[in-house]
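Okay, so here's the structure we're looking at.
Everything numeric here is computed off the predicted structure, so don't read it as measured data.
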Amino acid sequence: MNNMKKTIVITPQDSVGVALAPLKKGQLVEGVTLTEDIEKGHKFALKDIKSGEKVIKYGEVIGRATADIVPGEHIHSHNMATNLEGTLEYSYNKKDIAPAPEFQNRKVMVFERKNGEVGIRNELWVLPTVGCVNAQARAIAAEFLKRHPELHGVDGVFAYTHPYGCSQIGEDHERTRTILQRMVKHPNSGGVLVLGLGCENNRMDVFKETLGDYDKDRTEFLIAQDVEDELAAGVELLEKLYVKIKDDKRVEKDISCLKVGLKCGGSDGLSGITANPLVGRFSDYIASAGGTTVLTEVPEMFGAEQLLMDRAKDDETFNKIVKLVNGFKEYYQKHDQPVYENPSPGNKAGGITTLEDKSLGCTQKSGTREVCDVLFDGDALSSHGLNLLNGPGNDMVAVTNLASAGCHMVLFTTGRGTPFGGFVPTIKISTNSDLAARKKNWIDFDAGGIAIGESFESKLEELIDLVVETASGKQTVNERYGARDIAIFKTGVTL
């Protein structure tokens, strides 16, 4: 540990340093003597900061001091608070984007679908239109697997259950239907059985009428109330789909075919120093290669939104980002909730104090390229490069939204750790090596070495290798342990 880097000052403008390892009272670090113990990931003052004065980290304001702070003092929620307010007016100050970095052309082995899209898995899915038939969906998948203990040419058979599809009205009803319709057409699935009850709001006839273009050869529909034995009928339909997809073969494509979601959860004080900026470099790499990345969790853009707005490719995109940010603030206000009820207790324990602190670290995942488009409810990816996607910070909802928009996989950074996974491969990237060593059954990639001197360049090469391997068939930890769930965003009334 003596040769390891113990602190970091992220930019010369910062008024705080960050502990990369536990520090003791009386230690001399970054030119100041610590007045108290500092936990890993937490901040300490580099100079006198008067009450009411702005606190600077990442070269940006992360809040204001609520008491006089002396050099070497711990800075956290006891002496610092957010500066953020409600909806704002923004101006577009277009930022000059540096020329795209050179990239090494990489190839991935993927499945090419009839409509020209590619998938990185060839799975069979059972999708209930309503929560009433969740048990039947699971039973159909289980019975099929009992008959086929060794699958050939298929990466798995999964039922994706949820509690919705009935007693919903307005936006909630439409959102549930849209998410499920996006799943029906997701290229990671080779075949889908849509299972309904027969009396739900999410009616099968309307579902099919509004589905748009889909592969009719690889999509089956079953209404449980219309048959005597829905389990036998469902298994028979899965058998038909299995015959059609089991001979699908992977083909070589350029890495630019990939659409990758960017998400963080269970963040800590190292998130914005190690894993998130690493993922930002990956986003820049994919964008330069002609691929697609998507950043979501709008509440965790609050406090860093102007930085994203200034990277908008044009006025239209800037106005979409303003709508995205202020629209989500209005959602909170509509429900009489504080806009800035963030970060979470786990975030605070890890060293994150205010939402600005969290957001400036979170948005590191976006890299430095221009924002090419903004997606709202029901939108699907259509622009290569960095996209923003409407949605909350909740991990399961955000990953479901990313996958439903068309992402093949999600890069998920975490400092506290989480075992969950979405309906697409969810690569967990730890911000610190302690987590990676302790939770091998959760974590796919350790970015913690960056905190002690490993280069971003070497870690980026390792991360690209992992993404290529995952796209080409290597299972993520969440896939190996069966952590696959969906969560649909709900905002309205339940009947």
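Under the 3.5 Å distance criterion, with hydrogens and angles disregarded, no donor-acceptor pair is assigned to the side chains of S267 and N347. When only modelled atom types and interatomic distance are considered, S455 and S458 share a side-chain donor-acceptor pair under 3.5 Å.
Residues forming a side-chain hydrogen bond (donor to acceptor under 3.5 Å, both in side chains) with N188 (at least two apart in sequence, or on another chain): none. The side-chain hydrogen bond (donor to acceptor under 3.5 Å, both in side chains) search around E174 returns none, not counting sequence neighbours.
Using a 4.0 Å cut-off between charged nitrogen and carboxylate oxygen, D465 and R106 count as a salt-bridge pair. Salt-bridge check for R281 with E461: failed, with every basic side-chain N at 4.0 Å or more from each acidic carboxylate O. Under the 4.0 Å criterion applied to side-chain N and carboxylate O atoms, K459 and E454 are assigned as salt-bridge partners.
For the pair K323 and F376, the cation sits on the ring face: its NZ or CZ lies under 6.0 Å from the ring centre, inside 45° of the axis. Geometrically, K249 does not engage F111 in a cation-pi contact, judged by NZ or CZ lying under 6.0 Å from the ring centre and within 45° of the ring axis.
Side-chain contact check for T161 versus L127: every heavy-atom pair is 4.5 Å or farther apart. Side-chain contact between E300 and C264 is present, with heavy atoms from C-beta onward closer than 4.5 Å.
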* Passes side chain to side chain donor-acceptor pair (under 3.5 Å), T431 versus D268? Steps please. -> CA-CA 8 Å; T431 70; D268 68 357; 2.9 Å; yes

* **Worked verdict on Y481 versus F420 for ring pair (Phe, Tyr, Trp, His ring centres under 6.0 Å)** => CA-CA 10 Å; Y481 283 88; F420 99 103; over 10 Å; no

* To do: Evaluate the ring pair (Phe, Tyr, Trp, His ring centres under 6.0 Å) criterion for residues H186 and F423: first the C-alpha distance (whole Å), next the side-chain angles of each, then the deciding distance (0.1 Å), finally the verdict.
  => CA-CA 10 Å; H186 198 285; F423 72 88; 5.6 Å; yes

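Residue pairs that meet the salt bridge (charged side-chain N to carboxylate O under 4.0 Å, His left out) test with at least one member in residues 414-441, sequence neighbours left out, are K40-D434.
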